[in-house]
Amino acid sequence: MVALIIANGDDVDKTSFENMSIDYVICADGGLEKAEKLQVVPDLILGDFDSVHGDVLEKYKKSSEIMKYPAEKDFTDMELSIEIAVKKGFRDIVLVGATGGPRLDHSLANMMLLEKYYKFGINIIIIDNNNKIQVISDNCNMLLENKRETFVSLIPLTEEINGLTLEGFKYPLDRVVVKRGSTLCVSNEIISDKGRIILERGTALLFISRD
């Protein structure tokens, strides 16, 4: 089962996720207006509702569950949304509208939520019009098909990642160690019909991007 969470960051094309099998939709505050544009009806709308027009919220009161929270709280609307999805039993979660906007702190915080929940067996990906972001970790062997001329970046989250192999890339690697803070694996490019990422040990953020 897959939960989709729509937040109030940059707009995203519906084509980015419409082929996914989505079982439950949560809108985090102003994400409701994104859902309105995408013609997606949420199952749940939550937040303090400081970034959504009242008439839009009113439209969905009969069709969607509403959960209102105070503006001053210890969690972002995004983290609250993820917590609720997890409590409902979802282990695969897609975030849209989770990047962009005028403030970088929210984008970075959302990316760090991927790491936080990955440790508990929750697989979360962020999708926007140019990027797919996810966490990879120990014993990863990932095949990327139909991604020729796609850019791939790996940002170590642990002190180092070990045994990193990249096949089918412009800059191939063979079982290298990459330290946290290194930019070695930023903006590599798949030049074959198939690219493969092998990671023996460690945890990293994986960005699959296009201009």
Side-chain angles (χ1 to χ4, degrees), residues 2 4-5 7 9-21 78 82 91-211:
V2 180
L4 172 68
I5 299 175
D10 283 350
D11 289 340
V12 62
D13 294 333
K14 195 172 183 178
T15 54
S16 299
F17 62 87
E18 65 182 353
N19 291 327
M20 297 180 178
S21 179
M78 177 62 83
I82 295 172
R91 293 295 179 266
D92 294 291
I93 301 172
V94 178
L95 312 183
V96 300
T99 56
R103 291 176 51 182
L104 291 174
D105 52 351
H106 283 282
S107 296
L108 180 57
N110 290 337
M111 292 179 203
M112 299 312 294
L113 287 173
L114 272 60
E115 178 191 22
K116 173 182 176 178
Y117 285 92
Y118 186 86
K119 294 176 181 178
F120 299 103
I122 310 299
N123 296 307
I124 305 176
I125 62 173
I126 292 175
I127 294 175
D128 62 29
N129 287 340
N130 298 91
N131 305 279
K132 177 181 177 182
I133 309 168
Q134 65 189 94
V135 172
I136 63 171
S137 192
D138 300 347
N139 302 312
C140 172
N141 190 329
M142 178 182 292
L143 182 65
L144 301 174
E145 298 185 89
N146 302 315
K147 298 293 185 183
R148 184 185 286 271
E149 298 181 354
T150 296
F151 295 98
V152 175
S153 296
L154 284 159
I155 309 296
L157 294 171
T158 45
E159 285 305 310
E160 61 183 33
I161 54 177
N162 299 85
L164 177 64
T165 297
L166 300 178
E167 300 173 353
F169 283 74
K170 184 175 182 179
Y171 306 107
L173 296 175
D174 184 16
R175 302 191 70 220
V176 302
V177 175
V178 184
K179 300 285 188 181
R180 182 183 175 96
S182 170
T183 58
L184 173 68
C185 298
V186 173
S187 201
N188 207 331
E189 185 177 359
I190 298 175
I191 58 173
S192 302
D193 292 333
K194 297 178 181 180
R196 187 177 294 277
I197 300 171
I198 299 171
L199 178 61
E200 295 178 5
R201 185 160 54 88
T203 304
L205 276 176
L206 169 65
F207 295 75
I208 301 172
S209 311
R210 59 184 176 85
D211 290 333

Under 3.5 Å donor-acceptor, R180 side chain and L157 backbone: yes

Rounding to 0.5 Å, atoms OG (S16) and CG (D11) come to a distance of 11.0 Å

For the CD1 atom of I161 and the CD atom of E200, what is their distance to the nearest 0.5 Å? 11.0 Å

To the nearest 0.5 Å, how far apart are CD1 in I127 and CZ in F17? 8.5 Å

Can you give me the closest heavy-atom contact between E167 and I198, atom names plus distance? OE2-CD1, 4.2 Å

Verify side-chain contact (heavy atoms from CB on, under 4.5 Å) between M20 and V2, making sure each step is shown before the conclusion. CA-CA 8 Å; M20 297 180 178; V2 180; 5.6 Å; no

Residues in side chain to side chain donor-acceptor pair (under 3.5 Å) contact with D10, at least two apart in sequence or another chain: none

Provide the closest heavy-atom pair for G100 versus S107 in the form atom of the first, atom of the second, distance. N-OG, 3.1 Å

Minimal non-hydrogen separation, R196 against F169, with atom names: O-CE1, 3.7 Å

Could you check if a side-chain atom of F151 sits within less than 4.5 angstrom of a side-chain atom of N188, using non-hydrogen atoms only? no

Donor-acceptor list for residues 108-115 side chains, cut-off 3.5 Å, not counting sequence neighbours:
residue : atom : partner : partner atom : Å
N110    : ND2  : A98     : O            : 2.8
N110    : ND2  : H106    : O            : 3.1

Could you check I136, L184, V186 and say which one makes a side-chain contact (heavy atoms from CB on, under 4.5 Å) with L154? I136

Nearest heavy-atom approach of I190 to S192 is CG2-O, 3.4 Å

Working to the nearest 0.5 angstrom, can you tell me the gap between I197 CD1 and L144 CG? 4.5 Å

Contacts under 3.5 angstrom, residues 203-211 side chains, donor-acceptor by atom type, not counting sequence neighbours:
residue : atom : partner : partner atom : Å
T203    : OG1  : S137    : OG           : 3.0
S209    : OG   : N131    : OD1          : 2.7
R210    : NH2  : N129    : O            : 2.9

Minimal non-hydrogen separation, L166 against Y171, with atom names: CD1-O, 4.2 Å

Looking only at heavy atoms, which two atoms of C185 and L173 are closest? And how far apart? SG-CD1, 4.0 Å

Pairs involving residues 91-104, ordered by first then second residue, that meet side-chain hydrogen bond (donor to acceptor under 3.5 Å, both in side chains) (sequence neighbours left out): T99-D128, R103-D105

Y117: which residues meet the side chain to side chain donor-acceptor pair (under 3.5 Å) condition with it, sequence neighbours left out? E83

Mind jotting down which residue pairs meet the salt bridge (charged side-chain N to carboxylate O under 4.0 Å, His left out) criterion with at least one end in residues 133-149? Sequence neighbours excluded, please. E145-K194, R148-D193

